[in-house]
Number of protein chains: 2
Amino acid sequence: MRARPTLEKVAARAGVSRATASRVINGSTRVAPQIREAVNRAVDELGYVPNQAARSLVTQRADSIALVFPEPSTRVFSDDPTFGGIIRGVSMEFEEADKQLVLMLAGTEGSYRRVERYATNGHVDGVIVASMHGSDPLPAILARRGVPVVCSGRPTMAGELPYVDMDNVGGAERAVRHLLERGRRRIAAIAGPQDMVAGIDRLTGYRNVLRDSDRRSIVAVGDFTRESGTAAMRHLLADDPELDAVFAANDLMALGALRALRDAGRSVPGDVAVVGFDDIPAASYAEPPLTTVRQPTEEMGRWLARMVLGLEERGPVVLPTELVVRESTRAA
Amino acid sequence: MRARPTLEKVAARAGVSRATASRVINGSTRVAPQIREAVNRAVDELGYVPNQAARSLVTQRADSIALVFPEPSTRVFSDDPTFGGIIRGVSMEFEEADKQLVLMLAGTEGSYRRVERYATNGHVDGVIVASMHGSDPLPAILARRGVPVVCSGRPTMAGELPYVDMDNVGGAERAVRHLLERGRRRIAAIAGPQDMVAGIDRLTGYRNVLRDSDRRSIVAVGDFTRESGTAAMRHLLADDPELDAVFAANDLMALGALRALRDAGRSVPGDVAVVGFDDIPAASYAEPPLTTVRQPTEEMGRWLARMVLGLEERGPVVLPTELVVRESTRAA
DNA sequence: AATCTTCCAGAGAGCGCTCTCACAGCTTCG
DNA sequence: CGAAGCTGTGAGAGCGCTCTCTGGAAGATT
């Protein structure tokens with residue numbers, strides 16, 4: 001690799017001073033057109049690209065932002081399109097803003113402190129924490145240290161932490177209301193873990209609608225895995241054999257429920273209607289294809305990016321979710 | 001945020017020169033124990049962390065490495081655990097080596113050049129290109145420019161490019177042999193795109209085994225999507241209604257095939273056995289659960305990382321795949 | 001005892017860039 | 001016609017760090 005040209009070389013070739021070359025490159029308006037032209041030509045000819053390290057050293061900016069995933073949830077990476085969507089959205093915005101995305105997987109004790117050190121020492125201009133557990137202490141710590149932080153998902157111990165979240169409550173309400181509209185009467189729920197905001201909120205949505213309709217709520221709690229969905233469904237069938245619909249707090253559990261129902265000889269949607277949440281790819285492949293609530297993950301990534309970049313008000317943002325109706329809730 | 005302490009401060013507090021403080025921090029052995037002690041104490045007391053920009057400026061190293069995903073394949077992110085696994089493996093190794101992972105999604109014309117510029121200008125110490133298309137020109141360009149590059153998946157226009165790949169041929173052979181062992185006689189294949197190395201190699205594996213067994217190969221080509229799997233399966237059934245097994249080049253297409261078979265009234269595995277490739281989560285949820293070939297994605301990530309860091313011989317590495325037997329290939 | 005090594009610490013240069021400040025050339029106005 | 005105001009350019013000081021080079025003290029060798 002031939003030596004990279006420096007600003008000095010560019011200036012020399014353009015016949016100007018380093019300062020002026022710098023001005024042109026950083027888009028200052030106070031430069032005479034022909035000089036600007038000359039510098040730009042020199043840049044092109046030499047294939048000059050600024051040395052980020054040197055620039056950072058003086059500007060005190062890193063021009064890069066960390067996106068932190070807690071390792072446990074990263075396990076789900078493969079099953080859950082949320083992360084992929086967020087990454088895509090974030091990248092798009094960063095590309096426009098010319099920032100780099102530094103991906104960090106935290107979770108173990110060591111890596112956790114590593115993220116903290118890394119972030120609190122000017123290596124990045126901000127941090128996006130994509131934590132599923134609202135109780136993750138990392139965001140608060142970083143915020144206290146003065147690092148711009150944005151959370152994906154409402155943090156439970158939110159002081160003033162800015163966050164972007166999906167409308168989990170609204171999505172759940174919409175889903176359950178849909179079941180009522182389709183004539184279902186005894187609607188059970190398979191809730192998610194109650195230490196995760198998504199788990200709590202989706203159950204809240206379910207309860208809200210049933211309370212309004214004067215119906216009894218029947219709840220089993222799972223842990224967002226398929227297996228837990230199967231187990232929860234079995235419990236629900238044992239508790240209330242008459243149920244004719246289930247709202248699962250995520251698709252994976254809904255898929256598990258589908259299996260339990262099949263094993264129990266119940267037809268879907270004939271005997272029991274099923275709704276999930278997330279709209280993972282497998283939902284549309286399921287037998288029958290699953291009605292579910294779609295989340296605007298890419299949009300979420302874009303918001304996260306713009307907020308951490310300061311392009312957007314730092315208040316909480318809640319993005320709307322959308323009901324996707326498929327076979328599993330066809331009218332009985 | 002209070003001002004970060006500099007090396008100068010640390011040195012002053014420890015009562016030594018900047019140079020000596022630097023030596024201690026960078027682990028030079030040639031420092032007297034009590035001085036080393038004093039410096040370390042000062043570092044702790046001040047919470048000092050080296051400024052990476054300043055360090056990079058002089059060392060010409062960035063201590064970070066880019067992981068480039070081509071945008072088109074990123075779409076698959078959600079469906080394909082490969083990327084998640086690779087990311088996890090890479091992160092683990094980088095954490096140990098104290099390198100940062102800069103994630104870049106390329107694919108559009110603009111972002112493509114952006115990656116090139118970014119990488120060829122010392123912002124990163126190396127690049128891992130996770131391209132699905134073996135014909136991606138990026139790795140070769142970077143290599144020519146002197147940037148350490150490692151490809152995930154064998155590049156077709158491989159000059160001397162180091163790469164890490166899965167044993168696609170071997171995995172496919174194993175899968176098809178498994179079908180023969182289970183007594184299947186007319187084994188069709190749903191191939192992947194023939195401009196992708198994975199698509200080509202898996203078909204090769206299939207052909208190898210059938211050639212050896214003197215059986216006729218029956219092939220339909222899909223594009224790795226579920227829908228194409230369904231369509232391909234329909235064609236195969238029309239062409240050869242007698243077939244009793246199908247090898248699909250990935251799980252998504254196998255899932256699609258399952259649907260076509262169900263629609264055609266064929267039972268699986270009663271009438272037709274089905275094997276997939278990848279072992280995506282949905283494979284085990286399928287009805288019936290899918291026999292498939294598992295890939296060591298995390299291991300792949302680790303190899304990629306170690307190779308780009310120069311901790312490993314830069315030759316090609318091919319990782320073994322593993323057959324996972326489930327319901328879909330039970331003996332007829 | 002004198003010289004040669006060896007070892008450790010400090011001085012200082014400089015990585016490539018931005019940004020403040022000073023200044024030269026020009027217009028504008030009293 | 002000279003003072004004042006602009007505008008555009010250059011000079012130069014660092015940003016925080018590493019690393020070479022030098023020197024002095026201590027130990028080894030003759």
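All values reported here derive from a predicted model rather than from experimental measurement. The sequence lines fix the lettering, A, B, ..., with proteins before strands; numbering per chain opens at 1.
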Any donor and acceptor pair, going by atom type alone, linking the side chain of A/Arg314 with main-chain N or O of A/Val149 inside 3.5 Å? yes

Tell me whether B/Asp167 contacts the main-chain N or O of B/Thr321 through its side chain, where contact means a donor paired with an acceptor under 3.5 Å. no

Integer-rounded Å distance: D/dT18 C1' and B/Arg61 CZ: 10 Å

B/Asn51 vs D/dC15: side-chain N/O to OP1/OP2 distance below 4.0 Å: no

Take B/Met92 and B/Glu298 through the test side-chain contact (heavy atoms from CB on, under 4.5 Å) and record every step on the way to the result. CA-CA 9 Å; B/Met92 285 171 169; B/Glu298 201 169 304; 3.3 Å; yes

Report which part of the nucleic acid A/Ala32 touches: base, sugar-phosphate, or nothing (heavy-atom distance under 4.0 Å, all strands). sugar-phosphate

Comparing A/Ser17 with A/Leu57, nearest DNA chain D nucleotide closer to 5' gives the residue A/Ser17

Do the side-chain N or O atoms of B/Ser22 get closer than 4.0 angstrom to the phosphate oxygens (OP1, OP2) of D/dT18? yes

Is a donor-acceptor pair below 3.5 Å formed from side chain B/Arg23 to base C/dG10, judging by atom type as modelled? yes

Taking for each residue the nucleotide of DNA chain C with the nearest heavy atom, is it A/Ala54 or B/Val16 whose nucleotide lies nearer the 5' end? B/Val16

D/dT18, C/dA9, C/dA11: which one has an atom nearest the side-chain heavy atoms of B/Ala19? C/dA11

Spacing between B/Leu7 atom CG and C/dA9 atom P, to the nearest angstrom: 15 Å

Heavy-atom donor-acceptor pair, A/Arg18 side-chain to C/dT18 base, under 3.5 Å: yes

d(CD, B/Gln60; P, C/dG14) in whole Å: 15 Å

A/Gln52 and B/Tyr118: CA distance, side-chain angles, deciding distance, side-chain contact (heavy atoms from CB on, under 4.5 Å) verdict: CA-CA 10 Å; A/Gln52 188 55 48; B/Tyr118 187 75; over 6 Å; no

